[in-house]
Amino acid sequence: MVLDEEFPPDDRVYKEAQTLLQNGFSVTIACYTHSNKPEEQTFDGIQIIRKKIPTIIYKSSVAALKIPVYFGWWKAFLTPIIEKGKFDIIHIHDLPLAKVGVYFKNKFGLKLVVDLHENWPAYLERAFHVQGLFGKILSSNKQWRNYERAILKEADVNITVVEEMSNRLEILGLDKQKMVVLQNTIVPERFPSFGKKPNPDYFTLFYAGDIARIRGFQTILDDLVEAKKIIGNIRVWVVGKGNYLEGLKNLTQEKGLKDTFEFLGWQPLPEVLKLMEQADIGLMPHLRWEQNDCSSPNKLYQYMLKEIPSLCSPSNSVNRILEETQSGLVYDYNKKGDFCEKLVFLYENPELRIKMGQSGKQWVMNKYNWEKGSQEFIAKYKSL
């Protein structure tokens, strides 16, 4: 496996590696590091090989398709590893390094798996680091889309996170038979119950994750002001950090919601779960765009397991799952008052919230869990 970020803690990569180990594969992860982590380490049965990446090389990744210095660094890093390891498969995590995977596939006769965590061209359209003039010059979205269409045809297997992403790639001309869907579902055993319950003195909304403009909190604030007139004891817990944190804090103060929001910062998973268990509603107010229509947010499955109904902005993948599982509601943030209306409806119907919560947990235990979801992944791997 080749991962252009630090490992650990990537949860999806960890779960995939563990699943492969449990099914008779040996797994090595090659990744960069910005710190002084050991060059070689065994972590829960996974062999990790790291190389410290120079800052200038790391920053050059944005221009990889125009000036392939980044690709050259990875080829130099991986060549001795692959020569020594006698691998059968090279598994590239996410689109950018797929070209490096093709290089080693052809040079060493390996099978190539490309694991698409994101709709990368869509992600880059809104990524903070390419919004300036310099970033736009170095990173052409048209070039990335052409790269995606061409390079993925070279893979033996393309992994996507939802059906919608596979459908999108099929429209681009990729072979559906070479695709496998592996959603960002959870391992229920890793999410124990702490026995917490919602505080009846409050109606608590909960969110955990990145705090960025694309997460959409700014779109629901006016509706929250209106909802407070009906739900006087409403509070919003926001767990996480991000580049929009201070902007969101300022905006909640401008809207008169300073005392409604509690920004709790980054928290370790056990603390997140304890807080989540005390929530009445799980929020997912993400802006709708091409990336979100092809996404598999793991927080959705966490809410379902914890029997918390979700209130989500629209996206193709999330809409489909909520409709199937009847575990939450979707609101339209482009329709003034719709978030308020849906929120008040859930508040006034506690029995429905219980029913939605129970339904969500049942679906996670029976279908939307990692053990069930990874069966096709393993079958495809074994076919290689």
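Keep in mind that this is a model prediction, so the values were computed, not measured.
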[X] and [Y]: side chain donor to acceptor below 3.5 Å:
X      : Y      : result
Arg235 : Thr260 : no
Asn349 : Arg353 : no
Glu118 : Gln291 : yes
Asn316 : Arg288 : yes
Thr325 : Ser359 : no
Asn167 : Lys176 : yes
Trp370 : Thr19  : yes

Discussion item. For Tyr202, is the OH atom crowded, meaning more than 12 foreign heavy atoms sit under 6.0 Å from it?
Written reply: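 No, the 6.0 Å shell around OH holds no more than 12 heavy atoms from other groups.
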Worksheet entry | Neighbour count >12 (heavy atoms, 6.0 Å) for atom NZ, Lys75 |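 Enclosed: over 12 neighbouring heavy atoms sit under 6.0 Å from NZ of Lys75.
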Worksheet entry | Set of residues satisfying salt bridge (charged side-chain N to carboxylate O under 4.0 Å, His left out) with respect to Asp94, sequence neighbours excluded |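 None.
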Practice prompt. Check salt bridge (charged side-chain N to carboxylate O under 4.0 Å, His left out) between Lys197 and all other residues, then give those that pass, not counting sequence neighbours.
Written response: none
Do you know the tightest heavy-atom contact between [X] and [Y]?
X      : Y      : result
Ala208 : Lys299 : O-CE, 2.7 Å
Ser166 : Val181 : OG-CG2, 3.5 Å
Val364 : Tyr301 : CG2-O, 3.8 Å
Arg50  : Pro38  : NH1-O, 3.0 Å
Leu322 : Gly328 : CD2-N, 4.0 Å
Ser317 : Ser295 : OG-O, 2.7 Å

Checking the side chain of [X] only, and the main-chain atoms of [Y] only, is there a donor and an acceptor separated by less than 3.5 Å?
X      : Y      : result
Asn141 : Pro121 : yes
Asn184 : Pro297 : no
Tyr347 : Pro350 : no
Ser313 : His286 : yes
Gln218 : Arg213 : yes
Glu376 : Gly373 : no
Asn369 : Ile186 : no
Ser310 : Cys312 : no
Ser140 : Gln143 : yes
Tyr147 : Lys99  : yes

Discussion item. In the structure I gave you, are the side-chain heavy atoms of Asp223 and Leu343 within less than 4.5 Å of one another anywhere?
Written reply: no
Discussion item. For a 4.5 angstrom cut-off between non-hydrogen side-chain atoms, does Pro309 reach Leu329?
Written reply: no
Item to complete: Assess whether side-chain contact (heavy atoms from CB on, under 4.5 Å) is satisfied between Phe25 and Asp88, documenting all intermediate values.
Response: CA-CA 10 Å; Phe25 292 85; Asp88 302 297; over 6 Å; no
Fill in: Lys372 vs Asn366, side-chain hydrogen bond (donor to acceptor under 3.5 Å, both in side chains): CA-CA, chis, key distance, verdict
CA-CA 8 Å; Lys372 292 278 188 181; Asn366 294 333; over 6 Å; no
Would you call [X] and [Y] a salt bridge, taking side-chain N to carboxylate O under 4.0 Å as the test?
X      : Y      : result
Glu290 : Arg145 : yes
Glu307 : Lys361 : yes
Lys249 : Glu246 : yes

Discussion item. Suppose the criterion is salt bridge (charged side-chain N to carboxylate O under 4.0 Å, His left out): which pairs have a residue in residues 6-26, not counting sequence neighbours?
Written reply: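 As it turns out, the salt bridge (charged side-chain N to carboxylate O under 4.0 Å, His left out) pairs with a partner in residues 6-26, which skip direct neighbours, are Glu6-Lys37, Asp11-Lys15, Asp11-Arg190, Arg12-Glu16, Arg12-Asp115.
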Practice prompt. Could you name each residue pair satisfying side chain to side chain donor-acceptor pair (under 3.5 Å) that touches residues 276-285, not counting sequence neighbours?
Written response: Glu277-Lys306
Practice prompt. Scan residues 335-344 for pairs that pass side chain to side chain donor-acceptor pair (under 3.5 Å), counting only residues two or more places apart or in two chains.
Written response: Asp338-Lys342
Worksheet item: Looking at Tyr70, Tyr58, Phe77, which one forms a ring pair (Phe, Tyr, Trp, His ring centres under 6.0 Å) with Tyr32?
Response: Tyr58
Item to complete: Only counting residues at least two apart or in another chain, list the ones meeting side chain to side chain donor-acceptor pair (under 3.5 Å) with Ser315.
Response: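 Counting only residues at least two positions away or on another chain, Ser315 forms no side chain to side chain donor-acceptor pair (under 3.5 Å).
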Nearest-0.5 Å distance that lies between atom [atom1] in [X] and atom [atom2] in [Y]:
X      : Y      : atom1 : atom2 : result
Leu152 : Met179 : CG    : CE    : 8.5 Å
Met356 : Ile281 : CE    : CD1   : 8.0 Å
Leu283 : Ile220 : CG    : CD1   : 5.5 Å
His34  : Glu5   : NE2   : CD    : 9.5 Å
Asp156 : Tyr381 : CG    : OH    : 10.5 Å
Thr185 : Leu305 : OG1   : CG    : 11.5 Å

Are [Y] and [X] linked, directly or through intermediate hydrophobic residues, by side-chain heavy-atom contacts shorter than 4.5 Å (ILVMFWY only)?
X      : Y      : answer
Val157 : Leu116 : no
Val13  : Leu112 : no
Val113 : Phe87  : no

Worksheet entry | Test side-chain contact (heavy atoms from CB on, under 4.5 Å) applied to Val161 and Leu182, step by step | CA-CA 5 Å; Val161 296; Leu182 182 59; over 6 Å; no
Worksheet entry | Among Gln18, Met1, Gln41, side chain to side chain contact (heavy atoms under 4.5 Å, CB included) partner for Ile46 |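 Testing Ile46 for a side chain to side chain contact (heavy atoms under 4.5 Å, CB included) against Gln18, Met1, Gln41 leaves exactly one candidate, Gln18.
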Item to complete: Might you work through the side-chain contact (heavy atoms from CB on, under 4.5 Å) test for Gln183 and Ile321, ending with a clear yes or no?
Response: CA-CA 12 Å; Gln183 299 188 79; Ile321 292 171; 3.8 Å; yes
Worksheet item: Between Phe217 and Tyr244, does the ring centroid distance fall short of 6.0 Å?
Response: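 No; Tyr244 has its ring centre 6.0 Å or more from that of Phe217.
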Fill in: Stepwise ring pair (Phe, Tyr, Trp, His ring centres under 6.0 Å) check, Tyr123 with Trp120
CA-CA 5 Å; Tyr123 161 75; Trp120 195 261; 5.1 Å; yes
Discussion item. Tell me whether the rings of Trp363 and Tyr368 are parallel (<30°), tilted (30 to 60°) or perpendicular (>60°).
Written reply: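 Ring orientation of Trp363 relative to Tyr368: tilted.
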